Amino acid sequence: MSERTAAGDDGSARERVDWDARAAVFDDEPDHGLRDPRVRAAWAERLRDWLPGSPSDVLDLGCGTGSLSLLAAEQGHRVTGVDLSPAMVERARVKLAGLDAVCLVGDAADPPVGGQRFDAVLVRHVLWTLPDPARALRRWKELLRPEGRMVLVEGVRGTVTPIGIPSKRLTMLLRPLVSRLHLEHLSGDAGLWGRGVDDERYAVVASI
């Protein structure tokens, strides 16, 4: 099932999204497809800062068409991508063909990775879609090896009916689970988005 109820920061349903239907045009957004070399380079630079410095096992949850998975694999990491949408996963597999990466169909909140553990869990614009973000964060912590990290890119978009998860709420949920937490505000970096943005966009790197 590719449809997910997206929730606002108060937990109320905001919209229903059929990600299979969106797969064909998902990469048209500059920060999704990373087709612009400048946008691609901006995300690659951030990932170098956020992910472990040496080749590591990275779990990309809600990987979509695999753009961030591809950057991580190109930087030498061993990547497992998970997405609820089979159509998204098929496109990700094409992008990652020949690299040390696998893509699985499954729920980001409880990914189908068995007993495998990872050095980093990478999640971009996914937590806000989940019905119970706190439970997902606890599950993701369980998937990390000692001294592993969560790299969470989130935000709040829109003004009339905003959707997303504010940084204050996410850091509040994370603090009981992690030993260190670093918040980076990303709204001012137009290179990441292919244009200027005035809503809240940020990344949290949290180490257990």
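Please read these numbers as outputs of a predicted model, since none were measured by experiment.
A side-chain donor-acceptor contact under 3.5 Å links Glu200 to the backbone of Ser167. A donor-acceptor contact shorter than 3.5 Å is absent between the side chain of Arg149 and the backbone of Leu144.
One finds the CZ atom of Arg135 at 13.0 Å from the CH2 atom of Trp140 (value rounded to the nearest 0.5 Å). Once rounded to the nearest 0.5 Å, the distance linking CG of Asp20 with CG of Leu84 reads 8.0 Å. Of the inter-residue distances, the one linking Leu47 atom CG with Gln75 atom CD reads 5.5 Å to the nearest 0.5 angstrom. Expressed to the nearest 0.5 Å, how far CG of Leu99 lies from NE2 of His77 amounts to 13.0 Å. Taking CZ of Phe26 as the reference point, atom CZ of Arg91 lies at 11.0 Å (rounded to 0.5 Å). Put simply, CZ on Arg180 and CD1 on Ile208 are 10.0 Å apart, with the number rounded to the nearest 0.5 Å.
Using a 4.5 Å heavy-atom threshold, the side chains of Ser56 and Leu51 count as separate. Contact annotation: the side chain of Leu181 approaches that of Thr171 to within less than 4.5 Å [non-hydrogen atoms, C-beta and beyond]. Counting heavy atoms from C-beta on, the side chains of Thr80 and Asp57 never come closer than 4.5 Å.
Salt bridge present: Asp189 and Arg46 bring a charged side-chain N and a carboxylate O closer than 4.0 Å. Salt bridge Arg40/Glu74: present, at least one basic N to carboxylate O contact under 4.0 Å. Between Arg157 and Asp199 there is no salt bridge, since no side-chain N of the basic residue sits under 4.0 Å from a carboxylate O of the acidic one. Between Arg139 and Glu142 there is a salt bridge, with a side-chain nitrogen of the basic residue lying less than 4.0 Å from a carboxylate oxygen of the acidic one.
Criterion: ILVMFWY side-chain heavy atoms under 4.5 Å apart, direct or through other members. Under it, Phe118 and Val126 are part of a common hydrophobic cluster. Grouping the Ile, Leu, Val, Met, Phe, Trp and Tyr side chains by contacts below 4.5 angstrom, directly or via other members, places Trp128 apart from Trp193.
Listed here is the closest heavy atom pair of Val156 and Pro162: CG1-CB, 3.7 Å. Trp43 and Leu192 get closest at one heavy-atom pair: NE1-O, 2.7 Å. Contact between Val39 and Pro30 at its shortest, heavy atoms only, is CG1-O, 3.5 Å. For the pair Met88 and Asp83, the tightest heavy-atom approach, listed with the atom from each and the gap, is CB-OD1, 3.8 Å.
Atom CZ of Arg117 is surrounded by more than 12 heavy atoms from other residues, nucleotides or ligands within 6.0 Å.
With Met150 as the fixed residue, the side-chain contact (heavy atoms from CB on, under 4.5 Å) test singles out one of Val123, Leu122, Leu174: Leu174.
Inspection of the Lys95 and Ser69 side chains reveals no N or O donor paired with an N or O acceptor under 3.5 Å.
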